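One structure below.
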Amino acid sequence: MNRRVADSYKILDENERALLADLRAQALEHDINFEPKFFVQATALGRWPGEDAVDTVTRVRGELGDPHLSYLPELPQRGFQATTLARTIATFEGLEADGKSAGWRINSGFSQESQWARHTFASDINVLADVIGKESAKPRELKIQFVGPLSLSAQLYLTNGERVLSDVGARRDVRDSLIAGLEDQLKSLREAAPGAKLIVQFDELDMVSILEGTIATSSGYRTLRALRPHEVHENFDVLTQAVRQQNAQPVINVGPQVVPVSFLQPFEAVAQSVQGYKDSDWEKIAALVEAGQRLWLATVNPHAKQSVRTLVDSIFGPWRRVGLPAAQLSQISLTESASLEHCSPAHATAVLAHLTETATALSETAQNSE
């Protein structure tokens, strides 16, 4: 979508926005000039600027409607109750968390802050349902984002003020509470998007620090002990099995971190940055692809201008040099490489448009190379 069309969202009512989203989806289908086996999908990781949920969902649906992967955005500028962390806490069953100045502190009683987070999450799902309800075609896929169990343990605090990460029992309780609450939230999302396959993204952006034992205690005077690999494997095995039991697909987002492949294998897809990767690093990517795993590659930088051709070459070149066939590019999706939170809504919309254009060009390049 060009900038003029992106800016036009500001003056449209809800029905006009829905019509524009439908037209965008139809245009995407007509613009496809390659075989389905070469299709590269575009999506985004979650954060969005502003406070207007209706406008945001409409923009995301307009740019990332089928055949791309739209999602329920996070609007952190609305306040602490609207972050992905708060959304994750809103999913808990049997646990609450109080929002304190130093962070969220878990407890087993009632929490007004948790209630606000649940209300915000439910309201966002209702907005999603309203926007989708005005579209002529229903989405085939939809993504939702949560904080993963490892990073949750680093970001949440116990009643004594220490991180959950410091207590093995508390780590397990938080993980199990998240898993227990997923069923109801995924049910609500299915009601909002009937028939859509659900993709559940877990952000594990603290994972390497947890594995290396570099997370500071609440006092800041020492660091917490590194988690043992067997506990990481157990956490991810239990989590991914629970998601699949809900007929959804689990995805892990590790950002720019370099994480051992064995920890990533339980997930359907891995979202990561390959910026600055050498061919030797792409060999690790090749191992994941050859194992049948999907990859979400951080590609478009919202804060830098890069042509579609430059972006395509940055992926297609190393892909072929490590011996991966062009047809297997259908195992990847493209995402933004930095948060959209501090962009304007119009600029964030243009970033999504750039993602879909790059994905289309990469698909065409793959087909033309065969």
Side-chain angles (χ1 to χ4, degrees), residues 43 45-46 84-85 88 91 143-156 163-179 182 198-216 223-246 248-278 280-298 322 324 328 331-333 335 337:
T43 188
L45 298 177
T84 296
L85 177 58
T88 308
T91 303
K143 179 170 71 71
I144 185 69
Q145 306 82 232
F146 297 107
V147 179
L150 300 189
S151 296
L152 264 181
S153 70
Q155 295 175 29
L156 295 179
R163 296 181 193 270
V164 168
L165 182 61
S166 66
D167 186 295
V168 61
R171 295 197 297 267
R172 187 181 305 112
D173 289 345
V174 165
R175 178 201 69 195
D176 292 348
S177 178
L178 170 61
I179 289 172
L182 276 176
L198 296 184
I199 314 295
V200 186
Q201 171 189 317
F202 294 99
D203 293 338
E204 287 289 7
L205 303 180
D206 295 318
M207 185 171 175
V208 167
S209 297
I210 292 169
L211 292 172
E212 294 177 348
T214 59
I215 297 288
T223 57
L224 295 170
R225 181 180 301 174
L227 284 195
R228 294 178 179 176
H230 76 84
E231 183 175 344
V232 177
H233 284 295
E234 179 192 1
N235 268 288
F236 288 165
D237 286 344
V238 170
L239 178 69
T240 54
Q241 288 171 17
V243 172
R244 290 189 177 98
Q245 286 172 358
Q246 300 299 323
Q249 293 188 351
V251 173
I252 185 170
N253 172 25
V254 298
Q257 303 170 110
V258 178
V259 176
V261 171
S262 63
F263 292 132
L264 308 175
Q265 289 172 339
F267 295 88
E268 297 286 337
V270 178
Q272 64 182 101
S273 172
V274 291
Q275 187 174 6
Y277 266 31
K278 301 176 181 178
S280 57
D281 299 313
W282 275 89
E283 293 287 353
K284 299 173 184 176
I285 297 293
L288 290 171
V289 172
E290 289 166 352
Q293 204 157 31
R294 288 192 59 84
L295 293 171
W296 294 4
L297 302 183
V322 297
L324 288 170
Q328 280 190 282
Q331 286 178 232
I332 73 171
S333 298
T335 76
S337 63

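The structure presented is a predicted model; accordingly, all values stated were derived computationally and were not measured.
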- prompt: Which pair of non-hydrogen atoms, one from V322 and one from A286, has the smallest distance, and what is that distance?
  reply: CG2-CB, 4.2 Å
Atom pair CD1 (I210) and CD (E231), whose distance is rounded to the nearest 0.5 Å: 10.0 Å
- prompt: Between R171 and L165, is a side-chain contact (heavy atoms from CB on, under 4.5 Å) present by the stated rule, with each step listed?
  reply: CA-CA 6 Å; R171 295 197 297 267; L165 182 61; 4.0 Å; yes
task: Calculate, to the nearest 0.5 Å, the distance between atoms OG1 and CD1 belonging to T43 and I199 respectively.
output: 9.0 Å
query: Counting N and O atoms only, with roles assigned by atom type, does the side chain of Q201 sit under 3.5 Å from a partner on the main chain of N253, one being a donor and the other an acceptor?
result: no
- line: In terms of heavy-atom contacts, V147 and L178 come closest through O-CD2, 4.0 Å
query: Which heavy atom of A298 sits nearest a heavy atom of S273, and at what distance?
result: CB-CA, 3.8 Å
Min side-chain heavy-atom separation Q272-L295 under 4.5 Å: yes
query: How far apart are the C-alpha atoms of L85 and L152, what are their side-chain angles, what is the distance that settles it, and do they pass the side-chain contact (heavy atoms from CB on, under 4.5 Å) test?
result: CA-CA 8 Å; L85 177 58; L152 264 181; 3.6 Å; yes
- prompt: When rounded to the nearest 0.5 angstrom, what distance separates CD in E234 from CG in L239?
  reply: 11.5 Å
- request: Assert yes or no for the condition that the ring centre distance of F263 to F236 is strictly below 6.0 Å.
  value: no
- prompt: Are any of the side-chain heavy atoms of L324 and W282 separated by less than 4.5 Å?
  reply: no
field: Minimal non-hydrogen separation, P250 against P266, with atom names
entry: CG-O, 4.5 Å
- prompt: How about R244: does its CZ atom have over 12 heavy atoms from other parts shown lying under 6.0 Å from it?
  reply: yes
message: Set out, in order, the CA-CA distance, both residues' side-chain angles and the distance that settles side-chain contact (heavy atoms from CB on, under 4.5 Å) for M207 and V232, then state yes or no.
response: CA-CA 9 Å; M207 185 171 175; V232 177; 4.1 Å; yes
task: Can you measure from CG (L227) to OG (S153) and round to the nearest 0.5 angstrom?
output: 6.0 Å
- prompt: Between S209 and I215, which heavy-atom pair has the shortest distance, and what is it?
  reply: CB-CD1, 3.6 Å
- prompt: Does R294 reach the side chain of S333, with side-chain heavy atoms less than 4.5 Å apart?
  reply: yes
field: Check: D173 main-chain N/O paired with S177 side-chain donor or acceptor under 3.5 Å
entry: no
field: Side chain proximity check, D206 to L150, heavy atoms < 4.5 angstrom
entry: no
query: Crowded around E283 CD? As in, over 12 foreign heavy atoms under 6.0 Å?
result: yes
task: Kindly say whether V208 contributes a backbone atom to a donor-acceptor pair with the side chain of Q257 at under 3.5 angstrom?
output: yes
query: For the atom pair OG1 (T240) and CD (Q265), what is the distance rounded to the nearest 0.5 Å?
result: 11.5 Å
- request: With side-chain contact (heavy atoms from CB on, under 4.5 Å) as the test, would you mind laying out the steps for Q293 and V270 before giving the verdict?
  value: CA-CA 8 Å; Q293 204 157 31; V270 178; 3.7 Å; yes
message: Is it the case that the side chain of R163 and the backbone of A154 share a donor-acceptor pair, with hydrogens and angles ignored and the cut-off at 3.5 Å?
response: yes
- line: What one should report as the nearest heavy-atom pair of G213 and A226 is N-CB, 3.5 Å
- line: Distance col, row Q145:CD vs F202:CZ, nearest 0.5 angstrom, shows 11.0 Å
message: Is any side-chain heavy atom of E204 closer than 4.5 Å to one of P149?
response: yes
